[in-house]
Structures are given as C-alpha cells and as structure tokens.
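What follows is a short report on a single structure.
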Amino acid sequence: HVQLVESGGGLVQAGGSLRVTCVDSGCAAGRTFSNSAMGWFRQAPGKEREFVAGDNWTGSRIYYADSVKGRFAFFKANAKEVYLEMNNLKPEDTAVYYCAVQSPYSSGDYRDPGAYASWGPGTQVTVSS
C-alpha cells in the first residue's frame, strides 16, 4: 500500500527557490522509493497535468521537462524522502505540484500520468512577478 504526501509549497517571488518534498506514509515506506519509478507533475489553472521531473525504477536515469531543464533538480535523500528543488522560479511555474509513483519494477512512459499507480494530494506553488 502506497500513500504519498507532498509538502513544501508556498509563495515565492520570481527568481527565488523552493524545495518540495514527497514522502510515502503507507505500508510500503522504506522500499517503494528504491524499486519504483517516481515523478513530479504539475497542473496550472486551465491546463492539463504535465510531467516535470522523475526517474526510472532503478534510479539510473532522471528525466526533466524541457521547460525546467537547468532550473529544477530531482533527487532522493533516502528511501523515504524524495525532493524537487526548484530554482530561478518564474510566474509560469505557478501550479499545484503532485508526486506520483509507478508500480514496483514498472517501466511505463514517464510523461504519461496514466503510467502512475498512486498520487499525492498535491502542494500549491505560487510565483509572484
């Protein structure tokens, strides 16, 4: 059983930085982040949910959306905590940010929200101009 929870969102001025955190509070905590592909998605008002950053289940590859390359960084501090470091934030980064995980050992399309088995409730990030 996987239950993801995000935290760390808030209000930041353009050019600033934020770090959002994802933890697994479910029964599989301690193993899920080691054997499953994870991803960060975001959804802005009036727009579809889009992929931001994530890795494959082995952790050997990390993927980034073109819009955030060079500004955002995905990393796992340990088996229980996954982070998305957001730097040089822009107003267009304003969105609800979601953490998602695929089934263990699954290699689904990282850009497709349908490839992810579980989602957190999201955390709001607002960037002022």
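Predicted model only: the values in this text are computed from it and were never measured.
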Subject >> Stepwise side-chain contact (heavy atoms from CB on, under 4.5 Å) test for M86 and R71 >> reply: CA-CA 6 Å; M86 301 180 288; R71 298 190 299 120; over 6 Å; no
Original post:
Does Y97 share a hydrophobic cluster with V68, counting links as ILVMFWY side-chain heavy atoms below 4.5 Å and allowing steps through other members?
Top reply: yes
Original post:
When rounded to the nearest 0.5 angstrom, what distance separates CG in L11 from CD in Q124?
Top reply: 9.5 Å
**OP:** Consider only side-chain heavy atoms of I, L, V, M, F, W and Y, link residues closer than 4.5 Å, and tell whether F41 and Y63 are in one cluster.
**Re:** yes
**OP:** Could you pull out all residues at least two apart from F75 that satisfy side-chain contact (heavy atoms from CB on, under 4.5 Å)?
**Re:** R19, Y83, E85
Original post:
If you look at every heavy atom in Q43 and A95, which pair is closest and at what distance?
Top reply: O-CB, 3.4 Å
Original post:
Shared ILVMFWY cluster between V20 and Y110, side chains joined below 4.5 angstrom?
Top reply: no
Original post:
Under the 3.5 angstrom rule, does the side chain of N35 hit a backbone N or O of P104 as a donor-acceptor pair?
Top reply: no
**OP:** Decide whether F74 and F51 are clustered together by the hydrophobic rule: side chain heavy atoms of Ile, Leu, Val, Met, Phe, Trp, Tyr closer than 4.5 Å, transitively.
**Re:** no
Original post:
Which pair of heavy atoms, one from C99 and one from M38, lies closest together, and at what distance?
Top reply: SG-CE, 3.6 Å
**OP:** Check whether any side-chain N or O of D24 sits under 3.5 Å from a backbone N or O of L4 as a donor-acceptor pair, and report yes or no.
**Re:** no
Subject >> Charged N-O contact under 4.0 Å between K90 and D93 >> reply: no
Original post:
What are the two closest non-hydrogen atoms of L18 and L89, and how far apart are they?
Top reply: N-CD1, 3.9 Å
**OP:** Establish whether V101 and W119 are linked, either directly or via other cluster members, by ILVMFWY side-chain heavy-atom contacts under 4.5 Å.
**Re:** no
Subject >> Any side-chain heavy-atom pair of E92 and V127 under 4.5 Å >> reply: no
Subject >> Shortest non-hydrogen separation from A53 to Y64 and the atoms involved >> reply: CB-CD2, 3.6 Å
Subject >> is_close_aromatic(W40, F72), centroid dist under 6.0 Å >> reply: no
Subject >> Non-hydrogen atoms of S36 and K76 that approach each other most closely >> reply: O-NZ, 4.1 Å
**OP:** Indicate the atoms forming the closest heavy-atom contact of V5 with P121, along with that distance.
**Re:** CA-CD, 4.2 Å
**OP:** To the nearest 0.5 angstrom, please state how far the CG atom of D109 sits from the OH atom of Y116.
**Re:** 8.0 Å
**OP:** Run the numbers on S106 and W57 for side-chain contact (heavy atoms from CB on, under 4.5 Å), then give the verdict.
**Re:** CA-CA 7 Å; S106 180; W57 74 263; over 6 Å; no
**OP:** Indicate yes or no for a side-chain donor-acceptor contact from R61 to the backbone of N56 under 3.5 Å, with no hydrogens or angles considered.
**Re:** no
Original post:
Could you state the interatomic distance from OG1 (T123) to CG (L84), rounded to the nearest 0.5 Å?
Top reply: 11.0 Å
